[in-house]
Colleague: 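My questions will all concern the structure given below.
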Amino acid sequence: MKSYKITLLPGDGIGPEITNVTHNILDLISNKFDFKLNFKEMPFGGSAIESDGIPFPNKTLQECKNSDAVLLAAIGDPKYDQLPREKRPETGLLKLRSSLDLFANIRPVKIIPSLTKASSLKEEYVNKVDLVVVRELTSGIYFGEPKGRIKTESGVRAFNTMTYTSEEVKRIAEIAFKLAQQRNQKVCSVDKANVLDVSQLWREETILVSNNFKGIDLTHQYVDNAAMQLVRNPSQFDVILTSNLFGDILSDIAAMLTGSIGMLPSASLTKDGPGVFEPVHGSAPDIAGKDIANPIAMILSAAMMLKIAFNEIDAGNFLENAINELLTEGYRTPDLMSSGKGKQVGCKQMGELLVEKLK
Ligand code: NAD
Ligand code: IPM
Ligand code: MN
């Protein structure tokens with residue numbers, strides 16, 4: 001029997017709640033489709049600060065490296081906001097991404113027809129949306145040097161550096177073009193080339209890569225316009241290729257096309273080696289512990305893991321279809337309730353309903 005090793009990182013806030021639900025569902029799916037999943041839960045984020053004093057202990061890194069895939073819920077809590085940056089949960093997440101060289105973050109935004117009313121845009125603007133944000137994840141302003149804070153005569157100065165090398169742009173652009181080949185043959189590269197040198201290089205390299213993908217239609221948008229276009233006419237997009245910071249912002253905007261940030265999964269991938277499968281949302285401290293979080297973004301991330309990391313395509317599709325059916329039947333966590341319509345359920349109950357459907 002095929003068997004896969006998963007490092008499970010429940011993290012903080014709603015993380016443990018959505019992880020429990022996802023874990024149960026994966027157990028059931030693996031039985032049904034005849035493969036074995038071996039889970040190992042490890043401390044990460046704020047919970048690791050509590051247990052080990054740091055957000056990303058070396059033992060967690062080693063487990064991640066030795067697994068077939070990593071499934072992450074979310075990290076972060078306001079109570080760590082005053083810690084020095086290297087001790088904060090978010091720094092642990094950035095270290096995970098850089099240690100595993102997860103340069104390609106794939107964030108699909110697909111509309112589930114029964115949810116079009118839950119979107120904050122009118123139905124006719126969202127019902128045809130099917131796009132993917134390809135976000136560069138291990139460089140750009142998140143990692144650029146120099147960065148820091150210094151005291152000057154006129155006060156404190158803080159700075160970060162937005163940097164890309166041509167190789168870094170090339171490798172993420174190739175991922176976007178290859179993805180477009182399997183989809184609707186369009187790449188829109190988003191930058192700020194009218195102002196930033198780093199974006200000028202981004203644009204030049206993207207055009208060079210496009211020469212090797214003749215059938216793909218490459219367009220460019222400035223990031224301010226792209227943000228506007230995402231709410232003006234989101235169905236114009238197929239693959240959006242963009243840098244670390246712009247991708248972070250644009251994918252949260254795009255989440256609302258689907259009805260809730262609680263619906264958006266992602267895969268963070270490298271060339272060879274384990275990927276990290278993680279919802280786009282954070283630890284949602286405002287609703288943690290209330291059993292009202294939407295677990296679907298994490299479950300859909302698990303479906304991406306089944307398909308991309310394990311090539312268990314049927315199992316992944318089966319899981320996605322079951323979620324669609326449940327939503328079509330009207331079950332919704334509070335974030336998806338539109339004008340009081342739907343059968344409201346909690347996080348746990350959504351999981352139980354899904355388990356019944358999968359049996
Ligand atoms: P957030 O995504 O956690 O929450 C934003 C809003 O969306 C909140 O109102 C929250 O209740 C809601 N929300 C998010 N996920 C939801 C879900 N599954 N179901 C229902 N509602 C959901 O973003 P934030 O509030 O800006 O950040 C909170 C913490 O999470 C911060 O510490 C931040 O750094 C961290 N964060 C972590 C990740 C990650 O682990 N990948 C991603 C984003 C933010
Ligand atoms: C995300 C998050 C992270 C990011 C934070 C928590 C470091 O917002 O995964 O989108 O900015 O990449
Ligand atoms: Mn984000």
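We count ligands from 1, going down the list as the structure has it; atoms in each ligand are counted the same way. The chain is numbered in sequence order, starting from 1. Only heavy atoms go into these numbers, but all of them, side chains included; no hydrogens, no water, no symmetry mates.
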Colleague: Assess R171 against F103: is NZ or CZ under 6.0 Å from the centre of the six-membered ring, and within 45 degrees of the ring's axis?
Modeller: yes
Colleague: Are there protein heavy-atom neighbours of atom 11 (O) of ligand 1 below 4.0 Å?
Modeller: yes
Colleague: Between NZ of K271 and CD1 of I175, what distance do you get to the nearest 0.5 Å?
Modeller: 10.0 Å
Colleague: Give a yes or no on whether K110 atom NZ has more than 12 heavy-atom contacts from other residues, nucleotides or ligands under 6.0 Å away.
Modeller: no
Colleague: At the 4.0 Å heavy-atom cut-off, does A297 count as touching ligand 1?
Modeller: no
Colleague: Among all the protein's non-hydrogen atoms, which is closest to atom 41 (N) of ligand 1, and how far away is it?
Modeller: L93 CD2, 3.6 Å
Colleague: Quick one: which of D286, I287, I292, D335 has a heavy atom closest to atom 22 (C) of ligand 1?
Modeller: I287
Colleague: Does either side chain, that of S139 or that of N244, offer a donor lying less than 3.5 Å from an acceptor on the other one?
Modeller: no
Colleague: With a 3.5 Å cut-off and no angle check, do the side chains of S251 and R107 form a donor-acceptor pair?
Modeller: yes
Colleague: Which residue owns the protein heavy atom closest to atom 27 (O) of ligand 1, what's the atom, and how far is it?
Modeller: P285 CD, 4.7 Å
Colleague: Using a strict 4.0 Å threshold on nitrogen-to-oxygen distance, state whether K5 and E63 make a salt bridge.
Modeller: yes
Colleague: From E90 CD over to F56 CZ, what is the distance, rounded to the nearest 0.5 angstrom?
Modeller: 14.5 Å
Colleague: Give a yes or no on this: more than 12 heavy atoms of other residues, nucleotides or ligands lie within 6.0 Å of atom CD of E145.
Modeller: yes
Colleague: Using heavy-atom distances only, which candidate in G262, P279, G282 approaches atom 1 (P) of ligand 1 most closely?
Modeller: G282
Colleague: With heavy atoms only and a cut-off of under 4.0 Å, state how L72 meets ligand 1: side chain, backbone, both or neither.
Modeller: neither
Colleague: Below 3.5 angstrom, do we get any N/O pair linking H281 and ligand 1?
Modeller: yes
Colleague: Could you check L327 against M263 for side-chain contact (heavy atoms from CB on, under 4.5 Å), going step by step and ending with a plain yes or no?
Modeller: CA-CA 11 Å; L327 293 166; M263 293 298 298; 3.9 Å; yes
Colleague: Kindly compute the distance separating CD1 (I296) from CG (L354), expressed to the nearest 0.5 Å.
Modeller: 7.5 Å
Colleague: Could you list which atoms of ligand 1 come closer than 4.0 Å to a heavy atom of A74?
Modeller: 40 (O)
Colleague: Is E312 paired with K2 through a side-chain N to carboxylate O contact shorter than 4.0 Å?
Modeller: yes
Colleague: Distance alone, cut at 3.5 Å: any donor-acceptor contact between the side chains of S189 and W202?
Modeller: yes
Colleague: Test of understanding: given a 4.0 Å heavy-atom threshold, classify the contact between I14 and ligand 1 as side chain, backbone, both, or neither.
Modeller: side chain
Colleague: Taking only heavy atoms of D77, which atoms of ligand 1 are found under 4.0 Å from at least one of them?
Modeller: 32 (O)
Colleague: Heavy-atom count check: over 12 atoms from other residues, nucleotides or ligands less than 6.0 Å from F213 CZ?
Modeller: yes
Colleague: Any idea how Y4 and F35 line up, ring-wise: parallel (<30°), tilted (30 to 60°), or perpendicular (>60°)?
Modeller: perpendicular
Colleague: Looking only at distance, does S283 have an N or O less than 3.5 Å from an N or O of ligand 1?
Modeller: yes
Colleague: Strictly by modelled atom types, are N233 and Q229 linked by a side-chain donor-acceptor pair under 3.5 Å?
Modeller: no
Colleague: Test your reading of the structure: does I261 have an N or O sitting under 3.5 Å from an N or O of ligand 1?
Modeller: no
Colleague: Verify side-chain hydrogen bond (donor to acceptor under 3.5 Å, both in side chains) between Y164 and E205, making sure each step is shown before the conclusion.
Modeller: CA-CA 11 Å; Y164 274 105; E205 290 300 330; over 6 Å; no
Colleague: Can you name the atoms of ligand 1, numbered from 1 with element, that are less than 4.0 Å from a heavy atom of G76?
Modeller: 32 (O)
Colleague: Could you check whether atom NZ of K307 has more than 12 heavy atoms from other residues, nucleotides or ligands sitting under 6.0 Å from it?
Modeller: yes
Colleague: Considering heavy atoms of the protein only, find what lies nearest to atom 37 (C) of ligand 1 and give residue, atom and distance to 0.1 Å.
Modeller: I75 O, 3.1 Å
Colleague: Does some non-hydrogen atom of the protein lie less than 4.0 angstrom from atom 24 (P) of ligand 1?
Modeller: no
Colleague: Y142 ring centre to R135 NZ or CZ under 6.0 Å, with the angle to the axis within 45°?
Modeller: yes
Colleague: What protein heavy atom is closest to atom 33 (C) of ligand 1, reported as residue, atom name and distance in Å?
Modeller: E90 OE2, 3.6 Å
Colleague: Is a donor from one side chain sitting under 3.5 angstrom from an acceptor on the other, for T116 and N127?
Modeller: no
Colleague: Looking at atom 35 (C) of ligand 1, is any protein heavy atom nearer than 4.0 Å to it?
Modeller: yes
Colleague: Can you confirm whether some protein heavy atom lies under 4.0 Å from atom 29 (C) of ligand 1, or whether none does?
Modeller: yes
Colleague: List the closest protein heavy-atom neighbour of atom 19 (N) of ligand 1: residue, atom name, distance to the nearest 0.1 Å.
Modeller: N294 N, 2.9 Å
Colleague: For atom 3 (O) of ligand 1, what's the nearest protein heavy atom and its distance?
Modeller: A284 N, 2.8 Å
Colleague: Can you find a protein heavy atom closer to atom 15 (N) of ligand 1 than 4.0 Å?
Modeller: yes
Colleague: Only protein N/O/S atoms count here: give how many lie under 2.8 Å from the Mn ion (ligand 3).
Modeller: 1
Colleague: Check ligand 2 for N or O atoms under 3.5 Å from a protein N or O and list each pair with its distance.
Modeller:
residue, atom, partner, partner atom, Å
ligand 2, 8 (O), D248, OD1, 3.2
ligand 2, 9 (O), R97, NH2, 2.7
ligand 2, 9 (O), R107, NH2, 3.2
ligand 2, 10 (O), R107, NH2, 3.0
ligand 2, 10 (O), R135, NH1, 3.4
ligand 2, 10 (O), D248, OD1, 2.9
ligand 2, 11 (O), Y142, OH, 2.6
ligand 2, 12 (O), R97, NH1, 2.7
ligand 2, 12 (O), R135, NH1, 3.2
ligand 2, 12 (O), R135, NH2, 2.8

Colleague: Start with the C-alpha distance between K87 and I49, add both sets of side-chain angles, then the distance that settles side-chain contact (heavy atoms from CB on, under 4.5 Å), and finish with yes or no.
Modeller: CA-CA 8 Å; K87 291 219 162 126; I49 297 176; 5.6 Å; no
